Structure formats: C-alpha cells, structure tokens
Amino acid sequence: MQFRSTKPGSRMVSFREAISRCLPEEGGLYVPDSVMDMRQFFLHMDEDTTYPELVSTVAPVLLQDELNPLSAARVAESAFNFEPELKRLDDRLSVLTLYNGPTGVFKDFGISFMAAVMEEMLKDNGQAMILSAVRGDTGVSIANAFNRRQGMTPVLLYPSGSIRGLDPATFVPNGGNIIPIQIRGTFDDCQRLVNETINDRPFADRYAITCANAINVGRLLPQAFYYLYAFTRVKQRLSGDLLFSVPSGNFGNLISGFYAWTFGMPVNGFIAAMNVNNAFGDFFQGKNFVPHPLIMTKTPAMDVSSPSNYERMASFYEEAPSVMRNMVYPHVVDDQATMEALELAWKRYGILLDPHGAAALSGALSILDSLETGSHVVVLATGHPAKEAETVSAATGQTVQTPPRLHILRQKAEPIALIDPQLDALEGAIASCL
Ligand SMILES: *Cc1c(COP(=O)(O)O)cnc(C)c1O
C-alpha cells in the first residue's frame, strides 16, 4: 500500500516514508492511495482469533514488501500486551472497550503499533526522533510506547503547567531515551513548533525528526484493526446491518473506521457522535465547515472546534459524496444527554462507561429502534471511566475504581528543559541532551 497527500497531484510514498515524515512536502495529510480488499484474510476469523494474531495477519498484507509476516508477528507481540474487549449488552448492542492500554484511552492502540513498527522498519541502522506536542496523557502513551526502543528518541513538548505520568528513569540524562521539554506557551504553541520543525527540512533531516501526533498515518492505520476485531466478535449473530458509534473530536478514530470499511469489512454505517462543538455537523450535512468558538463540556476529548483530520474527511466526501452521506450519521449530544446516557448504561446494562463512550451510546440508542432485526451497533468506549471519575460518579452514584496501572498518571515530573516556542531554542535543548 502506498500513500499520497490529500493535495492533488502529490508524490506517492511508502508507509515507512509516510510515518517518518509525518507531513507531506506538498502540504495536506497522508492518506492511503488505494482501496484494498482484504476480506479473504479476515472473514474466516472468529472469537478464537487473538488481537496480535489478527494484527500479524492483516498488517503484512497491507504493507506488503515493507513488513513481512515474521516482522509483523514481532511487531504485534511487542505492541500489544493489552487487547480490546467486546462486551455484549443485548441482541443488538455491544460495547468495544478500547481503554485497556497503559494510559486508559484508545489512542494507546495506534501509538503502540506505530512505535513497534518504526523500531522494526528502522532496525538496520535507522534512527528517528519523534517530536510531539502533547497534553493530557498522550505524552505518557508515547513515552510508554517508545520507551527503550532501539534508535528511537521521543521528544515531548508540553505547554505551561505541570507534566504528569512520566518516569524520570526513562529520561535521556538518566540513561533512558525520552526528552520531555516544557514550552513557555500553550498547546497550540507546541503544535506550531512541531509543524515548523517538520517543515525546516535541514533541521528535521539532521535528527531524522517525525511526529507522533494523531495526524500521523502510522497511528490511524492500526486503529482500523480494532474495528476488524469487533467484526470477528459480532459476525456470527449478524444477519442485518452493522454500525459503529464513534465518539469524535479530531475524527482520527472515525477515519480509521472508514479504512476498515475500505479493506472490505461489511459495515453499513458509522454514527459520528459529537458534542456541542459540532462545527463538523454542518459539514456532514453538505454545508461549509466553519469552526465555532470552543465550548468546554463534560466530554473534553471531543472539545475540538477545528478537527485536525478535516482534510482526510473532506477527501472521502469529495470522492463519493452520496456514499458518505449514507454511511455517516452525525449525532450531537449536550452535557445533559451525556449524563443521561452514563446513568442509563449503569441502570439498564450494568456497565460504567466514561462520558465519551456515553456520548457514543446515546448515538447508538437514537437509531437502534429503526434497525431491522439481526442488526447490531458497536459502541466504541474510548476512555476508562476512572479518567472522568467525578462525572461518572455524579451520573451513576457509583464510586469508580482506578486500576493500578493508571495511578502513575497522577505523579508530577520535572521537564529536562524549559524553553520559548522557538526553533533555535528547541534545537539547542535537543543538542544539549544528546
Ligand atoms: C481522543 C479521544 C476521543 C476523540 O477521538 P478522535 O480520534 O480525536 O475523534 C474520544 N474519546 C476519548 C476518551 C479520547 O481520548
């Protein structure tokens, strides 16, 4: 499979080049160049197929001469010591829990695969510096995934405030490979610095710099694998439509679902659950996309006014507008609907969701009655309920237990440099560590 930019007339690149550059030189974002029918490789899989088995079967077919089956098996084993889990709620409804990784959010799946596949692809003498603007626990996820991987140096740019969840023993001055740097500024300043660095080719090439932000296609492609995994778990009892309900912010998760569909997964539609920051709702209805001012909600990961995957979304819609209109059902929830869905998940089904998963459940329930018998909706539970424990308790009256692996996320750490958001300051800080 080859990749190209969303900008027309761009050069074709390999997967290795796409993940090692992160952003195409022509501008735009990398997308797969072709549609690949992979049904023969996953249609026979069932409940006995483990997640690493699925990944090591599908990934080498996708990446062909870039990743042979033996390498793919190594990647899958080293990336995934956690798995998704499909929980059946009733005949028509399931929840796919994607929060079993080290930081309790679905992003662990894409980041872990990207780290493992980069190490494998670059293992004969390759090096990479993985520069990322991070907030919340994404930095911890990246640090975990790249920790002690050969030739890999993750540089994490944090905005002002405190850095949590990192283990100082993994930092470069202490013998590890991680460089956390605090930026005097906001998350947007960090993001701008990453983009400036990638576009400053002499600097980027000197250190083989790429980024692990959510727009890297190396994170999006592997997210398609858990959609296929869900399919292997529901297919036996499926005689009608299959839909996925996806809580969406920057739309990386939903795009990955589209990829699973282009691989031949029999799916009839996606519910794009959004909160009141739904500027994208207009876009789905064929109107122009105009970002609105941001509103804070109880689903913070969906508080996005200008989704970073906009261009990828738009390229799907340009290619097949009517197909897309029939595939994607936008669903908007306000905080009250989110709270009600949290409560209902507990009272009716006996499960605790996080607010993002609850928003997706709300979307699923809105169409459940219009589906034929034998149809099924899979709700993606993207975050562990303990990460939004206060909201979950308020809605359900339950105390939420934090699993031991998530305790470290609260511990503060000291960055190894504090700099202004400027290229020369960043280069100086990096040079002084190596
Ligand atoms: C990041 C995140 C989302 C949104 O995912 P996108 O790919 O940005 O649409 C939803 N839920 C949780 C818990 C998240 O961390």
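Whatever order the structure lists them in is the order used to number ligands and atoms, beginning at 1. Not measured: the values here are computed from a predicted model. Hydrogens, waters and symmetry mates play no part in the numbers below; they use all other heavy atoms, side chains included.
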Report task. Tell me whether the centres of the aromatic rings in Phe283 and Tyr317 are closer together than 6.0 Å. Result -> yes

**Report entry** Salt-bridge contact Glu343-Arg348 (side-chain N to carboxylate O under 4.0 Å)
**Finding:** no

Query - Test log, rule ring-ring contact (aromatic ring centres under 6.0 Å, His included), inputs Phe251 and Phe316 - result: CA-CA 13 Å; Phe251 290 88; Phe316 267 98; over 10 Å; no

**Report entry** N/O separation below 3.5 Å, Thr382 to ligand 1
**Finding:** yes

Query raised in the report: Which of the numbered atoms in ligand 1 are below 4.0 angstrom from a heavy atom of Ser248?
Result: 9 (O)

Report task. Check the angle between the aromatic planes of Trp261 and Phe258 and answer parallel, tilted or perpendicular using the 30° and 60° thresholds. Result -> perpendicular

Report summary line: One finds that the ligand 1 atoms under 4.0 Å from a non-hydrogen atom of Gly252 are 6 (P), 7 (O), 9 (O)

Query - Nitrogen or oxygen atoms of Phe251 and ligand 1 under 3.5 Å apart - result: yes

Query - Atoms in ligand 1 with a heavy atom of Asn250 nearer than 4.0 Å - result: 6 (P), 8 (O), 9 (O)

Query - Element-labelled atoms of ligand 1 that are located less than 4.0 Å from some non-hydrogen atom of Lys107 - result: 1 (C), 2 (C), 3 (C), 14 (C), 15 (O)

Query - Ion pair Asp189/Arg184, N-O distance below 4.0 Å - result: no

Query raised in the report: Are Tyr329 and Phe270 close enough that their ring centres sit under 6.0 Å apart?
Result: no

Query raised in the report: With a cut-off of 4.0 Å, which atoms of ligand 1 are near a heavy atom of Phe106?
Result: 1 (C), 2 (C), 3 (C), 5 (O), 7 (O), 14 (C)

Query - Nitrogen or oxygen of Asn253 less than 3.5 angstrom from that of ligand 1 - result: yes

Query raised in the report: With atoms numbered from 1 as shown, which atoms in ligand 1 lie under 4.0 angstrom from a non-hydrogen atom of Gly383?
Result: 13 (C)

Report task. Answer yes if the ring centres of Phe82 and Phe80 are under 6.0 angstrom apart, and no otherwise. Result -> yes

